[in-house]
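A, B, ... follow the sequence lines: proteins, then strands. Residue 1 opens every chain. As a basis for the values below, the full set of heavy atoms in this structure was taken, side chains included, without hydrogen atoms, waters or symmetry mates. Remember, predicted model here, so these are calculated numbers, not experimental data.
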Number of protein chains: 2
Amino acid sequence: MKNSLKTLRAERGWSQADLAGLLKVSRQTVNAIENGRYDPSLPLAFTIARVMQLRIEEVFEE
Amino acid sequence: MKNSLKTLRAERGWSQADLAGLLKVSRQTVNAIENGRYDPSLPLAFTIARVMQLRIEEVFEE
DNA sequence: GCTTCATGTAAAAGAAACTTTACATGGAAA
DNA sequence: TTTCCATGTAAAGTTTCTTTTACATGAAGC
């Protein structure tokens, strides 16, 4: 799965640590997802979409 | 997370085994998701939405 | 009655996601 | 130049997701 998290986060002026705080996960988790080391769980994907104010399909693609 | 997989599957006239085949997962995985024992991975959620011809948010909710 | 099919569930094992701790690098800025 | 911040990554450990195998139940049909 691909995602545009890094771009979306940068557009919002957030650091990885900022986003991790909003998502209540570790900074390493944000980093790993941004760099495609693994995909988030479905609940985390929902939270990501919510804080980005986008639909899941607008953040992630198969 | 809640989901309406059981209803959506029934509407389509599919057994759990049918759906598992389409999703390329075990029947137990379909059963576990339908009965809320755990949430699917994000890739599997995408596949489920695709075979249901719905958006992820139309199948799952936080 | 028997058989078949759909469903629910369990145990054990493996894979994937996530955590904590820790260290390295590079850029900006004082 | 040294301090600070953001980023990348690693190792070890826990939790969550998924598989395989297996067994139980109930409904429907013969």
Side-chain angles (χ1 to χ4, degrees):
Chain A
M1 303 228 8
K2 305 195 84 157
N3 74 73
S4 40
L5 199 52
K6 193 175 296 204
T7 306
L8 295 167
R9 174 179 60 78
E11 282 171 2
R12 286 155 179 75
W14 297 336
S15 69
Q16 290 183 349
D18 290 337
L19 178 55
L22 290 170
L23 299 174
K24 298 197 173 81
V25 297
S26 69
R27 181 182 65 80
Q28 286 79 349
T29 293
V30 170
N31 185 283
I33 296 167
E34 285 192 352
N35 290 301
R37 274 203 296 286
Y38 50 75
D39 297 315
S41 67
L42 182 59
L44 182 50
F46 264 88
T47 306
I48 291 171
R50 196 179 62 238
V51 306
M52 293 298 177
Q53 307 206 74
L54 293 171
R55 285 184 282 113
I56 288 182
E57 289 88 348
E58 294 175 303
V59 183
F60 302 92
E61 61 174 314
E62 287 192 281
Chain B
M1 303 229 9
K2 306 193 83 159
N3 73 74
S4 39
L5 199 52
K6 193 175 299 204
T7 305
L8 295 168
R9 176 179 60 79
E11 283 171 2
R12 286 156 181 74
W14 296 337
S15 69
Q16 290 183 350
D18 291 335
L19 178 55
L22 290 170
L23 299 174
K24 299 197 173 82
V25 297
S26 69
R27 182 182 63 82
Q28 287 78 349
T29 294
V30 170
N31 184 284
I33 295 167
E34 284 191 353
N35 290 302
R37 276 203 296 286
Y38 50 72
D39 297 316
S41 67
L42 183 58
L44 182 50
F46 264 87
T47 306
I48 291 170
R50 194 179 63 238
V51 306
M52 293 299 178
Q53 306 207 72
L54 293 171
R55 285 184 284 112
I56 288 182
E57 289 87 348
E58 294 176 302
V59 183
F60 302 92
E61 60 174 317
E62 288 194 282

From the options D/dA22, D/dT7, C/dA22, select the nucleotide whose nearest atom is closest to the side chain of A/Gln28.
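The listed nucleotide nearest to A/Gln28's side chain is C/dA22.
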Closest of D/dG8, D/dT18, C/dT7 to the B/Pro40 side chain is D/dT18
Which part of the nucleic acid does [X] contact within heavy-atom distance under 4.0 Å: base, sugar-phosphate only, or nothing?
| X | value |
| --- | --- |
| B/Ser26 | base |
| B/Ser15 | sugar-phosphate |
| B/Ser41 | sugar-phosphate |

Handout entry: Residue A/Gln53 excluded, over 12 heavy atoms near CD under 6.0 Å
Key = no
Strictly below 4.0 Å: does A/Lys6 bring a side-chain N or O up to OP1 or OP2 of D/dA6?
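No, A/Lys6 has no side-chain N/O under 4.0 Å of OP1/OP2 on D/dA6.
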Margin query: Under 4.0 Å from OP1 or OP2 of D/dT19: is there any side-chain N or O of B/Lys24 that close?
Written below: no
Take the protein atom [atom1] of [X] and the nucleotide atom [atom2] of [N], then report the distance between them rounded to whole Å.
| X | N | atom1 | atom2 | answer |
| --- | --- | --- | --- | --- |
| A/Leu44 | C/dC18 | CG | P | 5 Å |
| A/Asp39 | D/dC17 | CG | P | 14 Å |
| B/Leu23 | D/dT19 | CG | C1' | 15 Å |
| A/Arg9 | D/dA6 | CZ | P | 10 Å |
| B/Ile48 | D/dC17 | CD1 | C1' | 12 Å |
| A/Leu42 | C/dA17 | CG | P | 12 Å |
| A/Asn31 | D/dC5 | CG | P | 19 Å |
| A/Ile33 | D/dT7 | CD1 | P | 15 Å |

Item to check | Heavy-atom check, side chain of B/Ile33 versus side chain of B/Leu44, under 4.5 Å | outcome: yes
Checking [X] side chain against [Y] main chain: does a donor-acceptor pair fall under 3.5 Å?
| X | Y | result |
| --- | --- | --- |
| A/Asn31 | A/Gln28 | no |
| A/Arg27 | A/Ala17 | no |
| B/Asp39 | A/Pro43 | no |

Comparing A/Val25 with B/Glu34, nearest DNA chain C nucleotide closer to 5' gives the residue B/Glu34
| query | When the nearest nucleotide of DNA chain C is assigned to B/Ala32 and to B/Pro43 on a heavy-atom basis, which residue is associated with the more 5' position? | reply |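 Mapping each residue to its closest nucleotide by heavy atoms, the 5'-most match is B/Ala32.
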Report task. Starting from the 5' end of DNA chain D, give me the residue, B/Arg37 or B/Arg27, whose nearest nucleotide shows up first. Result ->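 Residue closer to the 5' terminus by nearest nucleotide: B/Arg37.
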